Amino acid sequence: VQIRGRTARQGGAGSYSMVLIDEELEKFNIAKNDIEQAKKNGDLYELIDKERRRQFSKEYKQIADRVKVAKIEHDKSMMFLS
């Protein structure tokens, strides 16, 4: 997802556009028909943001779990070396 915009100048309106790549949205499990429906409803950004946050929360938990395991192994190594 790329968002590109232009600020308002001299009383003119600003603008922005989003460039969406289907393959990139697939990693957030967003179906094409969901995207089309969200466009019609005017809540496309909210849909993408919700799914992005859900995915990142899941990934963060997995990383945090791996860090806990690594810390346990590190502590064992430090005890061995002491």
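Heavy atoms only: backbone and side chains are in, while hydrogens, waters and symmetry mates are out. For clarity, every value in this text was computed on a predicted model and none was experimentally measured.
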Would you give me the side-chain donor-acceptor pairs under 3.5 Å for residues 68-79, sequence neighbours excluded?
| residue | atom | partner | partner atom | Å |
| --- | --- | --- | --- | --- |
| Lys71 | NZ | Asp75 | OD1 | 3.1 |
| Lys71 | NZ | Asp75 | OD2 | 3.0 |
| Ser77 | OG | Glu73 | O | 3.1 |

query: Between atom OH of Tyr45 and atom CZ of Arg52, what is the distance when rounded to the nearest 0.5 Å?
result: 6.0 Å
- prompt: Any side-chain donor-acceptor pair under 3.5 Å between Gln55 and Glu51?
  reply: no
- prompt: Any side-chain donor-acceptor pair under 3.5 Å between Gln37 and Asn41?
  reply: yes
query: Counting only heavy atoms not in Arg54, do more than 12 sit closer than 6.0 Å to its CZ atom?
result: yes
statement: CG (Leu47) and CD1 (Ile30) are apart, to the nearest 0.5 Å, by 4.5 Å
query: In Å, rounded to the nearest 0.5 Å, how long is the span from CD of Glu46 to CD1 of Ile48?
result: 9.5 Å
